> 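I have a structure here, written as structure tokens, and I will follow up with some questions on it.
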Amino acid sequence: MKKGLFAASLLCSSVAMAQISFSSASNVAISATYVRATVDMNGDYLDDIVGVNGSSIVILYQQTNGTFTPSTIATNAVTYTPDWSLAIGDFDKNGFNDIVYGSGSGVSFMKANATGTAFTEIAYPQYVFSQRSNFVDLNNDGHLDGFMCHDVQPNVYYLNDGTGNLVYHQGGIGDHAEGGNYGSIWVDYDNDGDQDCFIAKCRGGQSTASIDELHRNNGDGTFTNVAVAANMDHGFHQSWSSAWNDYDNDGDMDAMIGSSDGTQHILKRNNNDGTFTDITTGSGFDNATGSSIEHVSFDFDNDGFTDVLSGGSIMRRNNGDMTFSQVTINAAGSSIADLNNDGFLDLFSVDFWGGNSNIYYNSGNNNNWIKIQLKGIASNFNGIGARVEIYGAWGKQIRDVRSGDGFANMNTLNAHFGIGTATAIDSVRVIWPSGHVDVVEDPTINGPLTIVEGADPLSLVEVEGKKISLFPNPATEYIAIENIDLLDVSEVVVFTLKGEKVMTQITDYAKVDISTLAEGAYIIVIQTKSGEKYSEAFVKKNN
């Protein structure tokens with residue numbers, strides 16, 4: 001305990017010394033009407049810049065040296081464009097990210113082909129006055145679903161049938177008849193392993209459509225609005241987005257709810273009992289008013305405490321004690337990513353209503369860091385909804401992987417952590433949406449770490465003191481699963497490391513025939529009749 005407290009004080013001292021500053025790079029330009037995303041689009045985990053026109057998608061692919069290679073991918077003239085928001089995720093698990101467009105009159109999904117070189121529009125006929133869009137696994141079946149805030153009606157979602165087809169639904173996660181739904185963010189606020197939804201709401205006058213909602217995931221595909229009981233309803237406070245992170249590094253997600261009507265922003269501390277306490281007074285947010293719409297949270301100075309970017313022009317640096325100091329950066333509503341592969345998060349600035357765009361590169365400092373890159377197998381391919389934790393002398397830091405935070409933009413899917421002046425990380429732990437846990441001990445700092453679901457298992461599973469294990473590994477003809485009779489198994493599934501299902505076995509679980517598989521690495525997933533999933537990696541060798 002003393003060691004942790006001492007290291008935490010070192011981190012706090014580095015906050016005072018670290019500076020946050022950005023420099024403009026006027027030589028980077030993208031010709032697109034809607035520039036809303038900085039996220040990897042070709043599977044190399046380097047964040048790219050994505051813009052959309054009415055009949056094309058423009059991507060600036062980041063190279064390892066920090067330069068960009070432009071590509072314009074022609075599409076048919078689309079039914080809907082991302083006037084209001086855009087989110088990105090691989091909903092058909094083909095290894096390339098798809099895009100959802102939220103417009104003022106409807107929703108289109110742009111589905112990437114098997115090489116990521118073309119997109120096909122899937123436009124839905126229902127009227128949706130779109131606000132914040134997200135990709136999220138609503139029913140935790142391993143497949144991403146789409147979610148869209150509806151301005152004037154109950155919210156809508158698009159449920160994945162498991163084959164990459166999305167089925168339209170309305171209601172159940174925000175049912176106010178007048179809508180008022182603006183800034184949805186998916187976050188595991190109660191640490192129970194599934195994704196809950198907070199909706200920052202906005203409506204003029206004294207309409208109840210402006211009262212914020214917190215929808216707790218019941219774990220069975222249904223949701224309950226618990227905002228009043230959790231102290232997260234906020235009366236007639238109007239907001240277009242909120243920024244969630246573990247601001248005090250105590251292991252749960254806190255919230256900053258931004259103001260869009262000139263009143264005060266609100267800071268809430270998670271009490272880790274399903275409720276929140278308003279700690280705005282004295283936090284630095286009590287002097288913060290305005291009408292900004294984009295609020296996101298990342299660790300911009302890599303000091304080990306997450307900061308808040310508000311409206312793209314004002315940053316509030318976390319002092320490490322739940323107070324924040326204002327830093328003015330003069331960059332309009334920005335997407336967040338590491339755009340020169342140096343481990344510090346940069347800003348891609350563009351006016352929401354259109355106009356010039358620009359990269360603002362983070363000037364950096366001497367603080368240390370790690371970048372976690374996820375590849376889901378039993379879970380969705382991007383690892384959206386995963387909880388990533390790092391442990392060291394300071395204690396613990398956490399991140400949730402999200403598609404769609406802030407109001408309009410799409411930020412990096414990599415999980416960035418700063419560790420201040422600390423020189424080592426004891427372990428990285430990933431709790432996947434499937435329930436599987438991977439642990440990497442003593443990772444190398446100041447670089448990326450790619451974690452494939454099931455490749456670094458904490459343990460496959462142990463029942464009655466007996467471990468369920470694979471042998472031989474590597475294998476040529478078959479994989480035996482020792483003690484599998486102790487589980488009530490429904491099926492055994494084998495995936496490639498790209499997430500492609502290559503075989504399913506529904507009988508004779510103890511011996512899985514892999515003789516027809518090509519040589520390479522795979523993940524075997526054991527699913528029980530009660531819904532648990534256990535996975536582990538194995539290697540197939542030829543004779």
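The model shown is predicted, which means the values in this text are computed figures rather than measured ones.
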> Before you tell me yes or no, could you show the steps for I398 and I390 under side chain to side chain contact (heavy atoms under 4.5 Å, CB included), namely the whole-Å CA-CA distance, both residues' side-chain angles and the distance that decides it to 0.1 Å?
CA-CA 7 Å; I398 66 173; I390 67 168; over 6 Å; no
> Within the 3.5 Å criterion, strictly below it, is a donor on Q170 or Q153 matched to an acceptor on the partner's side chain?
yes
> Any donor-acceptor pair under 3.5 Å linking the side-chain atoms of Q63 with those of T69?
yes
> Are V401 and L374 close enough that some pair of their side-chain heavy atoms sits under 4.5 Å apart?
yes
> Side chains of T224 and N218: donor-acceptor distance under 3.5 Å anywhere?
yes
> Could you check whether any side-chain heavy atom of N411 comes within less than 4.5 Å of a side-chain heavy atom of V296, counting everything from C-beta outward?
yes
> For the pair D196 and R216, find out whether any cationic side-chain nitrogen is under 4.0 Å from an anionic carboxylate oxygen.
no
> What I'd like to find out is whether the side chain of Q62 reaches to under 4.5 Å of the side chain of M41, using heavy atoms alone.
no
> Please report the closest heavy-atom contact between I20 and V327, naming both atoms and the distance.
O-CG1, 3.8 Å
> Is the closest side-chain donor-acceptor distance between E453 and S379 under 3.5 Å?
yes
> Using a strict 4.0 Å threshold on nitrogen-to-oxygen distance, state whether R203 and D151 make a salt bridge.
yes
> Does any donor atom in the side chain of H265 or S259 lie under 3.5 Å from an acceptor atom in the other side chain?
no
> Give the intermediate values and the outcome of side chain to side chain contact (heavy atoms under 4.5 Å, CB included) for residues Y80 and V107.
CA-CA 6 Å; Y80 305 113; V107 176; 5.5 Å; no
> Does the side chain of H234 pick up a donor-acceptor pair with the side chain of D212 at under 3.5 Å?
yes
> Between R316 and G284, what is the shortest heavy-atom contact and its length?
NE-O, 4.0 Å
> Return the minimal non-hydrogen interatomic distance between I377 and T496, and the atom names on each side.
CD1-O, 3.4 Å
> Ring centres under 6.0 Å, that's the criterion: do W244 and F198 meet it?
yes
> Under a plain distance cut-off of 3.5 Å, with no hydrogens placed, do D438 and W432 share a side-chain donor-acceptor pair?
yes
> Would you please indicate yes or no on a ring centroid separation below 6.0 angstrom for F109 and Y158?
yes
> Salt bridge between D254 and K268, side-chain N to carboxylate O under 4.0 Å?
no
> In the structure I gave you, are the side-chain heavy atoms of I49 and I359 within less than 4.5 Å of one another anywhere?
yes
> Between the side chain of N362 and the main-chain N/O of F22, is any donor-acceptor distance below 3.5 Å?
no
> Are a donor atom and an acceptor atom from the side chains of N53 and T33 found within less than 3.5 Å of each other?
yes
> When rounded to the nearest 0.5 angstrom, what distance separates OH in Y361 from CG in D342?
9.5 Å
> Just by modelled atom types, is the S297 backbone N or O under 3.5 Å from a matching donor or acceptor in the T306 side chain?
no
> One pair to check against side chain to side chain contact (heavy atoms under 4.5 Å, CB included): E121 and F119. What are the steps and the verdict?
CA-CA 7 Å; E121 181 188 24; F119 291 84; over 6 Å; no
> Got a second to check how far D137's CG is from I384's CD1, nearest 0.5 Å?
9.5 Å
> At what distance, to the nearest 0.5 angstrom, does CG of L166 lie from CG of D145?
7.5 Å
> Can you find a side-chain donor-acceptor pair between D83 and S103 that sits under 3.5 Å?
no
> Ignoring hydrogens and angles, tell me if any N or O in the side chain of N160 forms a donor-acceptor pair with the backbone of F91 under 3.5 Å.
yes
> Using the benzene-type ring in the case of Trp, are the ring centres of F344 and F300 under 6.0 Å apart?
no
> Report, as yes or no, whether the 6.0 Å neighbourhood of atom CG on N76 holds more than 12 heavy atoms from other residues, nucleotides or ligands.
no
> Just checking, any donor-acceptor pair under 3.5 angstrom between side chains of N382 and N97?
yes
> Looking only at heavy atoms, which two atoms of D233 and I211 are closest? And how far apart?
O-CG2, 3.4 Å
> Are side-chain heavy atoms of W240 and H295 found at a separation under 4.5 Å?
no
> Looking only at side chains, do D47 and T38 share a donor and an acceptor under 3.5 Å apart?
no
> Apply salt bridge (charged side-chain N to carboxylate O under 4.0 Å, His left out) to D338 and K371, showing your working.
CA-CA 10 Å; D338 182 359; K371 182 194 305 184; 3.2 Å; yes
> Compare every heavy atom of M148 with every heavy atom of S130, then report the nearest pair and how far apart it is.
CB-SD, 3.5 Å
> Could you give me the CA-CA distance, side-chain angles and deciding distance for M110 and T75, then say whether side chain to side chain contact (heavy atoms under 4.5 Å, CB included) is met?
CA-CA 9 Å; M110 303 300 293; T75 63; 3.9 Å; yes
> In the structure I gave you, are the side-chain heavy atoms of F147 and S184 within less than 4.5 Å of one another anywhere?
yes
> Under 3.5 Å, is there a donor on one side chain and an acceptor on the other for S24 and N358?
yes
> Is the distance between the ring centroids of F135 and W186 under 6.0 Å?
no
> To the nearest 0.5 Å, tell me how far N181 CG sits from D175 CG.
9.0 Å
> So, do T208 and H176 sit near enough that their side-chain heavy atoms are less than 4.5 Å apart?
yes
> Quick check: closest heavy atoms across L267 and T280, and the distance to 0.1 Å?
N-OG1, 2.9 Å
> Measuring centre to centre across the rings, with the benzene-like ring taken for any Trp, is H150 within less than 6.0 Å of Y182?
no
> Test the R317-F324 pair against the cation-pi criterion, namely NZ or CZ under 6.0 angstrom from the six-membered ring centroid and within 45° of the ring axis.
no
> Side chains of L159 and N139, heavy atoms from C-beta outward: is any pair under 4.5 Å?
yes
> Which distance, rounded to the nearest 0.5 Å, do you find between the CG of N249 and the CD of Q397?
5.0 Å
> Rounded to the nearest 0.5 Å, how far does NZ of K201 lie from CD of E178?
9.0 Å
> Taking atom types as modelled, find out whether S241 and E294 have a side-chain donor-acceptor pair closer than 3.5 angstrom.
no
